[in-house]
Amino acid sequence: MVDTHDLPQHNNIQTDLRHHYDDELEEIRTELVEFGTMVLTNVRHAGEVVTESILDQIDDVRQADKPINARYKALETKVFEILALQQPVARDLRFLVASTRILYELERSGDLAVNLVKQLDRLDGLPSDQQIRSMLAQLSQSAAKTFALGVEAIATMDPEIGIGAEAADEETDDLTADLYRLVTERQESLGLETSVALFRMGRFFERIADHGVNIAEDITFVATGAFPNED
Amino acid sequence: MTEEPTTDEQLAPRPGAEQAELAAEIRAERKRVTGGTPDDAHDVIIELDNVDVYYGDFHAVDSVTIPVREKEITAFIGPSGCGKSTVLRSINRMNDLIESARVEGRIAYHGVDLYGSGVDPVEVRRHIGMVFQKPNPFPKSIYDNIAFGPKIAGFKGDMDDLVESSLQRAALWDEVKDKLDESAFALSGGQQQRLCIARAIATSPDVLLMDEPASALDPIATLRIEDLMYELKQEYTIIIVTHNMQQAARVSDRTAFFSVDVNEGKRTGRLVEFTETAKLFTDPAEQETEDYITGRFG
């Protein structure tokens with residue numbers, strides 16, 4: 001998926017000793033990026049399926065979650081093995097502990113993508129209300145954008161992304177609140193079942209964005225030893 | 001919202017020096033409390049203040065400042081030749097036994113300068129006991145190993161009680177109570193080391209210096225010594241020199257990391273970082289510390 005052959009080391013400190021260990025850590029980071037990109041792809045696809053009401057692709061999103069779950073378990077096992085065998089400390093320890101959290105965040109985001117299309121399945125298609133459709137589309141874009149920040153943070157190990165992530169997430173939160181308001185206003189015409197499904201979609205998009213924020217903040221912790229706004 | 005989500009190109013793995021520099025800046029900005037702790041409840045018992053050690057012209061250790069707190073375990077770690085054992089030995093004036101050795105700066109014990117005129121080094125060693133790398137029991141019975149020091153120091157109390165309580169504290173009593181008359185050499189290595197600890201505490205010191213106390217022992221005996229240290233710190237202050245970083249991480253409250261500068265073939269040790277052990281092993285302030293404890297340099 002990504003050519004890892006000529007990647008720089010995960011940091012610029014001297015690596016006179018422990019080449020094998022460094023390789024293992026870099027492999028984990030590269031695999032996290034690949035895994036994150038896999039999840040991001042399915043999150044974007046789920047957003048498209050839901051907001052454009054593409055019923056015949058619902059199952060594709062479901063199927064795409066299976067390799068995500070398998071990758072999660074395989075990567076988690078690798079991280080545990082390094083923790084057990086290499087006695088990591090300092091930045092290495094922060095990176096590996098953060099990796100287990102990031103893996104969880106990514107796997108959960110994959111599940112949320114599936115949950116999104118399940119709502120569409122239940123409704124047998126989105127309501128034709130254009131305003132609701134457009135708002136949902138904005139929310140989907142915004143959530144994917146915030147989620148992508150998390151994956152970008154793993155790819156770059158840039159601590160600044162995590163520092164600005166919470167502010168970047170406000171847009172998604174606002175859009176979710178707007179959607180809730182609109183659905184509440186129109187609940188009678190939409191009907192109970194549709195209203196509940198739309199609420200859930202809003203909730204799932206919002207959660208996906210939150211996972212992206214958490215991942216970016218985990219990377220800030222790896223790089224600096226503290227979470228954003230913590231001292 | 002016209003802005004496109006992050007592109008795949010942005011997601012290609014590419015951490016670089018720029019981010020590492022940025023992280024270093026952020027880390028540097030963060031407030032760091034060197035040698036401090038959320039719980040500074042324990043008083044400083046030994047204060048190393050700008051301590052330099054020389055062997056003749058040779059500058060072995062450069063300007064070390066460490067406040068050692070009461071009833072804590074303080075670990076000294078660092079590569080060979082970094083001066084950690086030299087500093088340890090200067091605390092109970094063991095370096096006096098080397099003619100050319102000279103200590104500058106101040107080492108205070110309960111506020112008293114240990115190198116002040118009129119301070120008797122033998123008296124110093126009664127208050128600040130030492131346990132060595134290799135168990136070195138006297139060629140005597142288990143009982144006499146413990147009784148020897150107090151006898152010389154003019155101990156007038158009940159010797160049987162003192163032997164028993166010392167062995168109890170060193171977690172050895174149950175294993176030797178039925179063979180106190182047997183030679184100390186009949187004990188295993190781990191038992192011999194605990195005997196040496198019992199011997200060191202028989203003269204009622206309040207500080208114990210331990211120079212690689214477990215490096216000659218197997219893993220189980222090592223864990224037993226570490227467990228014992230944890231018990232002993234209820235009553236004693238312990239300073240341990242160890243090559244085993246995991247041991248320092250497991251047992252100590254604070255850790256001092258020493259490094260060594262090589263100048264024209266001469267090696268001078270210096271203190272790089274002294275802080276709480278949990279901090280040092282999860283988020284050290286100095287890159288030099290990080291490189292050493294993660295095994296990348298040393």
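Chain letters run A, B, ... following the sequence lines, proteins first and then strands; every chain starts at 1.
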No-hydrogen, no-angle side-chain donor-acceptor test under 3.5 Å, E70(B) and T237(B): no
Region of I163(A) in contact with chain B, defined by heavy-atom distances below 4.5 Å: side chain
Proximity breakdown for Y21(A) and chain B, heavy-atom pairs closer than 4.5 Å: side chain
Salt bridge (charged side-chain N to carboxylate O under 4.0 Å, His left out) partners of D169(A), counting only residues at least two apart: none
Residue selection (most heavy-atom pairs with chain A, distance under 4.5 Å) from Q246(B), M245(B), E18(B): Q246(B)
Lys/Arg-Asp/Glu bridge criterion (N-O < 4.0 Å) met for R267(B), D261(B): no
Salt bridge (charged side-chain N to carboxylate O under 4.0 Å, His left out) involving D174(A) - partner list, sequence neighbours excluded: none
